[in-house]
Each structure stands twice: as C-alpha cells, then as structure tokens.
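Because the structure is predicted, anything quoted here is derived from the model rather than measured. These numbers come from the heavy atoms of this one structure, side chains and all, not from hydrogens, waters or symmetry mates.
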Amino acid sequence: DPSLQILSIAKHSSKNTRLAQRHQHGSATESFQGEREHFVQACLLRLFSQLWGKLSRKDSMSNPLVLLETSSGDMLLELFEDKAPVTVANFLRYVDEEFYANTIFHRVINDFMIQGGGLSVRMEEKPTHEPIANEAGNGLKNLCGTVAMARTEEPHSATAQFYINVVDNPELDHQDDSPEGFGYCVFGQVIEGMDVVNKIRKLKTKAVGEHGNVPLDMVVITGVSRFE
C-alpha cells in the first residue's frame, strides 16, 4: 500500500530527525560542559596566580615600607633594612618624629636626581640629629629609582636629607674608603610612584640664594609615614 510506505518513510525520517537532534543536543551539552570546565579552570588558575603573587610580594616586602606624600603625588618606598640598618633606622627615626612634614624637594636635576627632606617651605634648613656612619659599601648601587642619603663632601655627614636617582648614577657608588671614593649610601627604592618622580624631575628650576636647581613650582613633602 503506497500510503503505508509513505507513513513508514515518514516515521523513519522522524526517528532519524529525533536521533540527530538528540545527538546535536548531546554534543552541545558536552561542548557547554567542556567550555564551563575550561572557564572554571581558567578562573581557578587566575585566582591561584593572584594569590601566589600577593604571597610572593608579601614575602619579598619583609623590609619596611614608607609612604611619601607630596604635593605632586605619592610614592611608596621599600627600605633595605638588611643592607643599611643604621641608615634605615635613622630615616625611620625622622619619619616617626614627623620631621619630613612640610619639607620640600629643594634640588631637582633632570637626568641626575631629586633631593629633599631638609629644608622648609621657607627654604630654611631644619635642625637634625647627629650625622650617621656612611654605609655606602653595602653593595647597593645608585640605580634609577633607588633612594640614597645626601651628604656634604665629608663621607660620614648624612643626617636627614635624601635623594632619589632618576637615572643610573654609578659615579655615586662606593669605590673605596677614601673621601673621594666613599660614595653615597643607597638604602631604599621607589616601588610605586616613579611617575611622580619623573614628573618632579622635569620641573623648571632656578637659583634661590645659595641653593641652585630649586623648582619654580614648589614640591612640598606633606607627610612621610610607615606603610603597613
């Protein structure tokens, strides 16, 4: 009977269609599950990576951290207490005494360094504690972004003033124990805020009294505090 044959063909076709749809649905489900598993794995990997990064950062940041706030922006400093214990203790003493509040970056030389921490906004030098021993022979170099102690020509004359290298300055490194070769002690580095350092280094300067390279636009250190 032709009608029965047509019905049989229709049933067979319908069955094949359902099987094909089921297969497609199964493939889509498997594909979705695979994508979901991949997404979950990627999220877990990213989470693990972030957690590991934080743990590694925390471990590497066992040295003291200091937040240096200025009118041009903020910087975060890491202090190398293990390499320069006397210098770091001296610096933190001034920090804890709030000595640096309302001092200025009074000496700015592009392609060299920016210096501050000793003069008030009136360009008056603040009284300090006694000078400290120069630890320039600690192996740390005056590389871009490092923080070091400013001093006079006498090697062991540093008190409160510091500078930040804006380029590598190997001529400031310890060469020998002579007055000419003793060098300048590096005791920290800028770990965040180099954009602020670079902003300050580009300021136009002038001479003010006996001080040269004073920024036309005053850069005030509004505060320096321990960062924990």
Check: Are the side chain of Ser71 and the backbone N or O of Val220 linked by a donor-acceptor pair below 3.5 Å?
Finding: yes
Check: By side-chain contact (heavy atoms from CB on, under 4.5 Å), which residues pair with Pro215, not counting sequence neighbours?
Finding: Val108, Leu203
Notebook entry, point to check: Are Leu140 and Leu79 connected in the hydrophobic side-chain network, where two residues link if heavy atoms are under 4.5 Å apart?
Noted result: no
Notebook entry, point to check: Is Gln189 reaching over with its side chain to a backbone N or O of Ile191, donor-acceptor style, under 3.5 angstrom?
Noted result: no
Check: Under the 3.5 angstrom rule, does the side chain of Asn169 hit a backbone N or O of Glu171 as a donor-acceptor pair?
Finding: no
Check: Of the non-hydrogen atoms in Ala84 and Asn138, which two are nearest, and what is the gap between them?
Finding: CB-ND2, 3.7 Å
Checklist line | Gap between atom CG of Leu77 and atom CZ of Arg226 - 0.5 Å precision | finding: 13.0 Å
Check: Can we say Asp168 and Lys141 salt-bridge, meaning some charged N sits less than 4.0 Å from an Asp/Glu carboxylate O?
Finding: no
Notebook entry, point to check: Do Met113 and Leu68 belong together in a cluster built from hydrophobic side chains that touch within less than 4.5 Å?
Noted result: no
Next item on the list: Output every pair passing salt bridge (Lys or Arg N to Asp or Glu O under 4.0 Å) with a member in residues 81-90, not counting sequence neighbours, ordered by first then second residue.
Entry: none
Next item on the list: State, yes or no, whether a side-chain contact exists between Ile114 and Val166 at a heavy-atom distance under 4.5 Å.
Entry: yes
Note to self: Taking salt bridge (Lys or Arg N to Asp or Glu O under 4.0 Å) as the cut-off, I'd like each qualifying pair that reaches into residues 98-115, sequence neighbours left out, listed once.
What the structure shows: Asp111-Arg201
Note to self: Quick one, Ile164 with Met75, criterion side-chain contact (heavy atoms from CB on, under 4.5 Å). Give me CA distance, side-chain angles, the key distance, then yes/no.
What the structure shows: CA-CA 11 Å; Ile164 300 173; Met75 311 168 205; 3.7 Å; yes
Margin query: With a 4.5 Å cut-off on side-chain heavy atoms, are Ser225 and Val66 touching?
Written below: no
Notebook entry, point to check: Would you find more than 12 non-hydrogen atoms of other residues, nucleotides or ligands less than 6.0 Å from Glu153 atom CD?
Noted result: no
Note to self: Taking ring pair (Phe, Tyr, Trp, His ring centres under 6.0 Å) as the definition, give me every residue that meets it alongside Phe91, ordered by chain and number, with sequence neighbours left out.
What the structure shows: Tyr100, Phe162, Phe187
Note to self: Do Gln161 and Met149 make a side-chain contact, defined as non-hydrogen atoms from C-beta onward lying under 4.5 Å apart?
What the structure shows: no
Next item on the list: Measure from the ring center of His174 to the ring center of Tyr184 and say whether it is less than 6.0 Å.
Entry: no
Next item on the list: Taking the side chain as every heavy atom from C-beta outward, state whether Leu65 and Glu228 have any atom pair closer than 4.5 Å.
Entry: no
Checklist line | Check: Phe182 and Asp176 side chains under 4.5 Å, non-hydrogen atoms | finding: no
Notebook entry, point to check: Which residue pairs pass the side chain to side chain donor-acceptor pair (under 3.5 Å) test with at least one member in residues 116-135, sequence neighbours excluded?
Noted result: Thr87-Glu135, Arg93-His129, Glu97-His129
Item checked: side-chain contact (heavy atoms from CB on, under 4.5 Å) assessment of Val214 paired with Thr205 -> CA-CA 5 Å; Val214 179; Thr205 62; 5.7 Å; no
Note to self: Please tell me whether Val190 and Val186 are part of a single hydrophobic cluster in this structure, the criterion being side-chain heavy atoms less than 4.5 Å apart.
What the structure shows: no
Check: If we only count heavy atoms from C-beta on, is the Lys206 to Val208 side-chain gap below 4.5 Å?
Finding: yes
Item checked: Pair Leu119-Phe105, side-chain contact (heavy atoms from CB on, under 4.5 Å): steps then yes or no -> CA-CA 8 Å; Leu119 274 63; Phe105 278 100; over 6 Å; no
Margin query: Taking Val147 as the starting point, is it possible to reach Tyr94 by hopping between hydrophobic residues whose side chains are less than 4.5 Å apart?
Written below: yes
Notebook entry, point to check: Can you check whether Leu143 reaches Thr146 side chain to side chain, under 4.5 Å on heavy atoms?
Noted result: yes
Next item on the list: Determine whether Met194 and Cys144 make a side-chain contact, defined as any pair of heavy atoms from C-beta on separated by less than 4.5 Å.
Entry: yes
Item checked: Asn90 side chain vs Val86 backbone, donor-acceptor pair below 3.5 Å -> no
Notebook entry, point to check: Of all residues at least two apart in sequence or in a different chain, which pass the salt bridge (charged side-chain N to carboxylate O under 4.0 Å, His left out) check with Asp217?
Noted result: none
Checklist line | Criterion side-chain contact (heavy atoms from CB on, under 4.5 Å) on Thr103 and Val224, from CA distance to verdict | finding: CA-CA 10 Å; Thr103 59; Val224 183; over 6 Å; no
Item checked: Neighbour count above 12 (heavy atom, 6.0 Å) for Phe227 CZ -> no
Check: Do you know the tightest heavy-atom contact between Ser72 and Val196?
Finding: O-CG1, 3.8 Å
Note to self: Working to the nearest 0.5 angstrom, can you tell me the gap between Thr222 OG1 and Asn102 CG?
What the structure shows: 7.5 Å
Checklist line | Pair Tyr163-Asn142, side-chain donor/acceptor within less than 3.5 Å | finding: yes
Check: If you take all heavy atoms of Ala150 and Ala158, which pair is closest and at what distance?
Finding: O-CB, 3.4 Å
Next item on the list: Report whether Ile132 and Val88 are members of the same hydrophobic cluster (ILVMFWY, side-chain heavy atoms less than 4.5 Å apart, transitive linking).
Entry: no
